[in-house]
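See structure below.
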Amino acid sequence: MVIPNFIYIIPLFILPIYYFGASANLQILVFVSLLGFLWYDRIKNNLRFLGLVIGFAAFVYALISATQILDTNRLIFGLDPIEDAISLHQRDAQYLPFRLRSALFNSSVYIYYFFQNIARFFNLKNFYDTLLLVNLYPLILGIVQHFRTPSRKSYGLGALMCLVLLSVGLTKSPDKYQVMFASAPLWIYLAISGLPKIDRRIYWALAAITIIMVTSPIL
Amino acid sequence: MKVIIIVSIVVVGLALRTIGLGSVPPHLGNDEISIAYDAYSLLHTSRDEHNNLLPLSFESHGTYKAPLTIYLTVPSVWIFGNSEFSARLPSAILGTLTVVLIGILAFTLSRNINFSLLISAIMAITPWHIFTSRHIYEGNIGLLFVVLGVCLFYRNKMLLSSLMFALSIYAYHTQWGFTPMLLLGLGLLHFKKLIFKPRSYIATASFLILIFPIFLNFLRNLGTHARANTEFFLNEPHLNSFLEQSTSVLQNIQVILHAFLGNYSSYTNFNYLFFDGLRLLPDTDPFQVGLFFAIFIPAFLVGIFTLQKYLGQNAKIIYIWAAIGPIVPALTIGGPGIIRNLVTLIPYIFFITAGSVSLWQIIGKRKFLKLITVTLVSFSFIYFLAIFYYHFPQESQENYQYGFKQIATYINANYDRHPVITIDPKFGPVGQYDGVPHLYISYFTKLDPALLIARQDLESGLYFDKYIVKRIIWYDQSIQPGHLYTVPSENSPSSQFSNRLKLVQEIFMTRNRSAFKIYEGI
């Protein structure tokens, strides 16, 4: 991967998540794991494997800490409104025999809720609040490139993306700064991958809007 | 074969939009009754409820509606009488027409008949469009004219196209901003082609001449722009206070930019688009339905990148459409509104269709995957039918002011028995909302519209014919024998009034929840 002109990297080092995100330990882990990703692409010997292992472990640790998905109280399961709604619809759906009612309205709604949680979390505002608007442009280009060039490298990244989605989907109310901070290596890596493809006029226009926004009193 | 498919799509689209039109949604809503009543009033007096002769902006209950929908509802009310069905029918029929038109638009842009059939089929079963077609929503009519306008533009019928675009502006307020932006996009995309064509100048001039009356109406401050003032996003209290405290122009720009982007983001939020945008059930209910089936998310994402494969250079207008669609809605107050944003339905359906075709090709000959896909789409559709046609009417009665029509039905049967009828306009579980019973009563009892026009709107209440619409406070209320009093059930009189009032009717919602009580003075 060609690292482009350093000036385009700068916005990736002033992300709001570094400020609002997490503890110093997590910051170190994030950068270690970022290095792991970069090595994965560039280093051709055993160090690559080591970097990957450390990076992946740091990534998983940071993500679990951020979303606390090991804390069962933070999981989406067993929520009262959901359980109540299942009972209510099973009782109300009188157009169906009772057994069929429980086939249509049952706990599988948690799967729906899981995906809904992901959809709710990954919105434009959460992205530009945490990663800055200017970085979203190369990030999108990086994601497109990732899906257009499936390779061994892409499968690894895909697995990490799935991990992020899983942790967000399972957590009751994931905090945007914590989650985006914990998964920062992924976004930064993808943004760097997209940088060579940017149209500089669009980039600088977005940079100008970003500067206006980050100096705003309501950030 | 293709004719059979087209006919099937139209039949399914029409059935989904018209079957049970009077009962799903369960009652005419706040805006719907206003449109229905103004259509009824126009039919008999050529005036709206506020005594304006053939207005270009309907004051309604302070919402200042665009005119076209109301005028289109007049023939239906004339033919079918005063009912939910007659009021909603034009929207349902024009919605079905949009299902056909999007196929024609897709064929015009892609020259691919299979793609065009698929896009119509997806549109026919899309929850967002079914929902809006079953209400009298101005946005639904506006959408039809935008699609027609673009379609005619790409078929080189410039003059007709300009007429349709002008009509879209008469149909809904979002189009006031959206249509000019779309025209600008079309102009920029086809600049070289249009610049040397005299017809394009004639079409532009026609468009400007056609929209001139509504523009003049706006300038004359006949109430039209009051809508823009009340709905403008900067009127949100917290934004207002930020703007008042800001010390520089830059800070103002920053606040506005943040608010606008936040709104734009909420209109493009996948949770809103695919999981709970329709809000058919109470907020905490997880069985919500999105504007599109959630199963279409992969197709939507893939379609964004593959649309060009099917539309070639014509895909650019769809991308522009998708980008500018949420701009006007994002400038309004009160969170995402599915009607304000309805124009974006078209590009999103294009993405979903392109993605569906691409994914189907990727699946290839893997029959098991195809079976799973078809099963999931079918299940999503059946699930939507259950929620929309059965659970939604039961759960949403309060949102639609359910009960005022039933009060009108009682009054219709007993009108001559009561010299004065006093109606409490409140509704809701604790009577927290103000309804518009004067419109429901007048529409469903077929009251002479001249009587409502001659009303007296005083501090003590609204007086017309033998009706008084005011908040009833029992201790202050003079109770006369033979007079009728209707109140939300939470405002039932205490037992000390039992010797002076007789309960003559109670109106129930589902699960035996009492909505209104009607008392007669004794």
Side-chain angles (χ1 to χ4, degrees), chain A residues 76 79-86 88-96 100-101 103-129 133 136 140-141 143-145 147-148 150 206 208-219, chain B residues 238-239 241-243 245-248 250-277 281-290 294-295 297 301-302 304-306 326 379-380 382-383 385-387 389-391 394-395 510-511:
Chain A
I76 56 172
L79 291 174
D80 286 342
I82 295 183
E83 298 298 329
D84 293 346
I86 293 170
L88 180 79
H89 291 305
Q90 283 185 355
R91 196 186 67 205
D92 279 358
Q94 290 169 1
Y95 50 91
L96 288 171
L100 276 179
R101 281 186 230 167
L104 195 60
F105 300 104
N106 55 43
S107 296
S108 65
V109 75
Y110 281 107
I111 300 171
Y112 191 72
Y113 192 79
F114 167 83
F115 286 110
Q116 187 177 4
N117 229 8
I118 294 171
R120 193 183 295 128
F121 184 83
F122 289 106
N123 62 64
L124 183 63
K125 184 169 167 41
N126 276 1
F127 269 109
Y128 70 68
D129 273 353
L133 192 63
L136 299 191
I140 291 167
L141 295 176
I143 292 172
V144 172
Q145 189 187 318
F147 281 108
R148 282 196 174 157
L206 289 172
I209 296 172
T210 304
I211 290 168
I212 293 172
M213 287 179 72
V214 293
T215 53
S216 157
I218 59 168
L219 179 68
Chain B
H238 73 283
L239 273 179
S241 69
F242 264 120
L243 288 173
Q245 287 165 18
S246 83
T247 50
S248 65
L250 179 66
Q251 276 196 4
N252 282 346
I253 293 170
Q254 288 171 326
V255 170
I256 291 168
L257 194 62
H258 261 285
F260 172 75
L261 280 176
N263 285 350
Y264 193 95
S265 168
S266 61
Y267 275 103
T268 51
N269 187 327
F270 272 33
N271 180 43
Y272 161 74
L273 291 175
F274 294 98
F275 290 95
D276 75 351
L281 303 169
D283 284 352
T284 53
D285 197 312
F287 293 94
Q288 297 281 5
V289 177
I295 188 72
I297 292 178
L301 291 171
V302 171
I304 292 173
F305 300 108
T306 59
F379 181 78
S380 300
I382 292 166
Y383 175 75
L385 293 180
I387 296 292
Y389 290 93
Y390 187 82
H391 295 269
Q394 298 198 23
E395 300 286 345
T510 48
R511 294 193 206 102

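As a basis for the values below, the full set of heavy atoms in this structure was taken, side chains included, without hydrogen atoms, waters or symmetry mates. What you see is a predicted model; the values in this text were computed from it and never measured. Residue numbers start from 1 in every chain, and the chains themselves are labelled A, B, ... in the order their sequence lines are given, proteins ahead of strands.
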Task: Side chain, backbone, both or neither of Phe379(B) within contact of chain A (heavy atoms, under 4.5 Å) - done: side chain
Open item on the list: Testing Asp129(A), Leu124(A), Asn126(A) one by one against Ser265(B) for a side chain to side chain contact (heavy atoms under 4.5 Å, CB included), which residue passes?
Closed with: Leu124(A)
Open item on the list: Quick check for you: to the nearest 0.5 Å, what is the distance between Leu88(A) atom CG and Arg511(B) atom CZ?
Closed with: 4.5 Å
TODO: Against chain A, label Ile387(B) side chain, backbone, both or neither, depending on which of its atoms sit under 4.5 Å from a heavy atom there.
DONE: side chain
TODO: State whether a side-chain donor-acceptor pair under 3.5 Å links His258(B) with Tyr128(A).
DONE: no
Task: Asp276(B) backbone acceptor or donor facing Gln116(A) side chain under 3.5 Å - done: no
- [ ] For a side chain to side chain contact (heavy atoms under 4.5 Å, CB included) with Asn123(A), tell me which candidate from Asn271(B), Thr268(B), Asn269(B) qualifies.
- [x] Asn269(B)
Task: Distance (rounded to the nearest 0.5 Å) between Phe287(B) CZ and Leu104(A) CG - done: 8.0 Å
Open item on the list: Less than 4.5 Å to any heavy atom of chain B: does that hold for the side chain of Ile86(A), its backbone, both, or neither?
Closed with: both
Open item on the list: Is Leu257(B) in contact with chain A via its backbone, its side chain, both, or neither, using a 4.5 Å heavy-atom distance?
Closed with: side chain
- [ ] Determine the minimum heavy-atom distance between Tyr112(A) and Gly290(B), stating which atoms define it.
- [x] OH-N, 4.2 Å
Open item on the list: If I measure from the heavy atoms of chain B, does Phe127(A) come under 4.5 Å with its side chain, its backbone, both, or neither?
Closed with: neither
Open item on the list: Between Phe274(B) and chain A, with a heavy-atom cut-off of 4.5 Å, which part of the residue counts as in contact: side chain, backbone, both or neither?
Closed with: backbone
Open item on the list: Using heavy-atom distances under 4.5 Å, tell me whether Gln288(B) contacts chain A through its side chain, its backbone, both, or neither.
Closed with: backbone
- [ ] Please look at Leu281(B) and chain A and tell me whether the side chain, the backbone, both or neither of the residue comes under 4.5 angstrom of a heavy atom of that chain.
- [x] side chain
Task: Non-neighbouring partners of Phe115(A) that pass side chain to side chain contact (heavy atoms under 4.5 Å, CB included), sequence neighbours left out - done: Ile111(A), Ile118(A), Phe275(B)
Task: His391(B) side, atom NE2; Asp92(A) side, atom CG - distance, nearest 0.5 Å - done: 6.5 Å
- [ ] Taking all non-hydrogen atoms of both residues into account, name the closest pair between Tyr113(A) and Pro286(B) and its distance.
- [x] CD1-CB, 4.4 Å
Open item on the list: Contact between Phe121(A) and Phe270(B) at the side-chain level, heavy atoms closer than 4.5 Å - yes or no?
Closed with: no
Open item on the list: Going by salt bridge (Lys or Arg N to Asp or Glu O under 4.0 Å), name the residues that satisfy it together with Asp80(A), two or more places apart in sequence or in a different chain.
Closed with: none
Task: Heavy-atom pairs under 4.5 Å with chain A, option from Ala294(B), Ala386(B), Ser266(B) with the top count - done: Ala386(B)
Open item on the list: Please identify, among Gln94(A), Lys125(A), His89(A), the residue contributing the most non-hydrogen atom pairs under 4.5 Å to chain B.
Closed with: His89(A)
